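One structure below.
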Protein chains: 2
Amino acid sequence: MKIRDSWEGDAFDPECPTRVILDRVGDKWTVLIIEILDDSPKRFGEIRQAIGGITPKVLTSTLRSLVADGLVTRQSFGEVPPRVEYSLTDLGRSLQAPVTALRRWAERNVAELIDNRDRQAEIDDAQAR
Amino acid sequence: MKIRDSWEGDAFDPECPTRVILDRVGDKWTVLIIEILDDSPKRFGEIRQAIGGITPKVLTSTLRSLVADGLVTRQSFGEVPPRVEYSLTDLGRSLQAPVTALRRWAERNVAELIDNRDRQAEIDDAQAR
DNA sequence: CAGTATCCGTTCCGATACTG
DNA sequence: CAGTATCGGAACGGATACTG
C-alpha cells in the first residue's frame, strides 16, 4: 500500500502504522530527547550529559530512529575532533505540544496513580497469603 | 522552562512522573483501551472485539495494570455465564484528553513519518553499497 | 463468557570495551 | 568527540490450548 501524505491513520485498525508512533513515544528515551532538543541544536555529548544514565550505544540508536522518522536532523561538521549537532525538525517540534500536555497531566496526577498502585500491591500481597 | 534541571535527577527515578506515565501510555494497548472505554462500560469480549488482534492473555494483563493504577474499574457480576464490565475512573477519564491529542497527532502525521522512514531506508541502502 | 496456563521468540536496553 | 562492537539478562507480548 502506497501511503500518501494526505492519508490519515486509524489507530483502531490492527494493521495501522499509526501504532509505530505510539511505539516511538513509548520508547524509553525519545520524549526526553525531544524535550532536551527544545530550542537550540545540541551536540551528542550535550544530550548524553543532559539525560544522564544513557549509554552511547542506546543514545545513538535512539537518535538514529528519530532521524529516520524525520523528527530530528543530524548535522555533522567535517572537523577533527568531530562535531555533530542534533536539532528538531518542524515535525519534531509539532510533536512537542501533545507530549507536553501528557507530561503536564503526569505531573498533576502521578501521585494519585502511584498511590493507587501501591495500595493495589498491598491488596495483591494480602491475597497471596 | 526549568524542566531539565529537575529532570536530570529524576531520569533514574522509577517514580518520575514522566517515566511512569510514558511507560503506561507506551504500552502497546493502553491507549486504545482507554479510548474504547470512553463513554459506557464495556465487557471483556467487547473490548477484545473492538481492538482486534489482542489475545485474551495480553488483554487481561493490560486491564490488570490499568485497574492497579486506578485508571479503570472492574466490576464482576456474580452470574453464570460470567459477566464483567470495565469502565474508566475519573482519573482515567482525565487522561483521555492528552491521550486523544497524541493519537490525533499520530493519525495526522503518520503518513509523513512513514514516508521519511522509507526514504531514509533507501539512503541507508544506497550507503551500504 | 471471561479468563488461565505454558511455552517461546523477539526486542529492548544496559554493561563493558574499543576506535576513527 | 562521537561514536562501534559484543554480550547477555530481562521483559514484552504472541500462539496455542485449556477451564470454572
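Only heavy atoms go into these numbers, but all of them, side chains included; no hydrogens, no water, no symmetry mates. Quick caveat, the model's predicted, so the values are computed rather than measured.
- Here dG3(D) presents its P atom at 13 Å from CZ of Arg83(A), a figure rounded to the nearest Å.
- Between the CD1 atom in Ile51(B) and the NZ atom in Lys42(B) there is a gap of 11.5 Å [rounded to 0.5 Å].
- Using a 4.5 Å cut-off on side-chain heavy atoms (C-beta onward), Leu71(A) and Leu88(A) make no contact.
- Summarising the geometry, atom CH2 belonging to Trp29(A) is positioned 15.0 Å from atom CD1 belonging to Ile34(A); distances are rounded to the nearest 0.5 Å.
- Here the P atom of nucleotide dC13(C) and the CG atom of Asp23(A) are 11 Å apart, to the nearest Å.
- As rounded to whole Å, 14 Å separates atom P of dA2(D) from atom CD1 of Ile51(A).
- Contact annotation: the side chain of Trp105(A) approaches that of Ser94(B) to within less than 4.5 Å [non-hydrogen atoms, C-beta and beyond].
- Between dA2(C), dG3(D), dA2(D), one nucleotide has an atom nearer to the side chain of Pro82(A) than all others, and that is dA2(D).
- You'll find the side chain of Asp23(A) stays beyond 4.5 Å of the side chain of Asp27(A), heavy atoms only.
- If you check the side chains of Thr73(B) and Ser87(B), you find a donor sitting under 3.5 Å from an acceptor.
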Note to self: What does the 5'-to-3' dot-bracket notation of DNA chain D look like when only Watson-Crick and G-U wobble pairs under 3.5 Å count, and pairs to other strands show as |?
What the structure shows: ||||||||||||||||||||
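- Lys57(A) is not listed as a side-chain neighbour of Thr60(A), based on a closest heavy-atom distance of 4.5 Å or more.
- As judged by a 4.0 angstrom heavy-atom cut-off over every strand, Arg43(A) is placed among residues touching the sugar-phosphate backbone only.
- Closest contact between the side chain of Lys28(B) and the listed nucleotides dA2(D), dC13(C), dG14(D) involves dG14(D).
- For residues 62-77 of chain A, proximity to DNA chain C is found at no residue, defined as any non-hydrogen atom under 4.0 angstrom from a strand atom.
- Between Lys57(A) and dC12(C), a side-chain N or O to OP1/OP2 separation shorter than 4.0 Å is absent.
- For Lys42(B) and dC1(C), the NZ to P distance is 17 Å, given to the nearest whole Å.
- Checking dT4(D), dA2(C), dC13(C) against the side-chain heavy atoms of Thr60(A) singles out dT4(D) as nearest.
- When rounded to the nearest whole Å, the span between CG of Leu22(B) and P of dC13(C) equals 12 Å.
- Looking at which nucleotide of DNA chain C each of Gly26(A) and Pro56(A) is closest to, the 5′-most match is held by Gly26(A).
- Taking the charged nitrogens against the carboxylate oxygens, Arg83(B) and Glu85(B) do have a contact shorter than 4.0 Å, which makes a salt bridge.
- At whole-Å resolution of the value, CD in Glu79(B) and C1' in dG20(D) are 15 Å apart.
- Using modelled atom types, one finds no donor on one side chain facing an acceptor on the other under 3.5 Å when comparing Thr30(A) with Lys28(A).
- Spacing between atom CG of Leu59(B) and atom P of dT4(C) amounts to 11 Å, rounded to whole angstrom units.
- Residue Tyr86(B) contributes atom OH, which lies 8 Å from atom C1' of dA2(C) at whole-angstrom precision.
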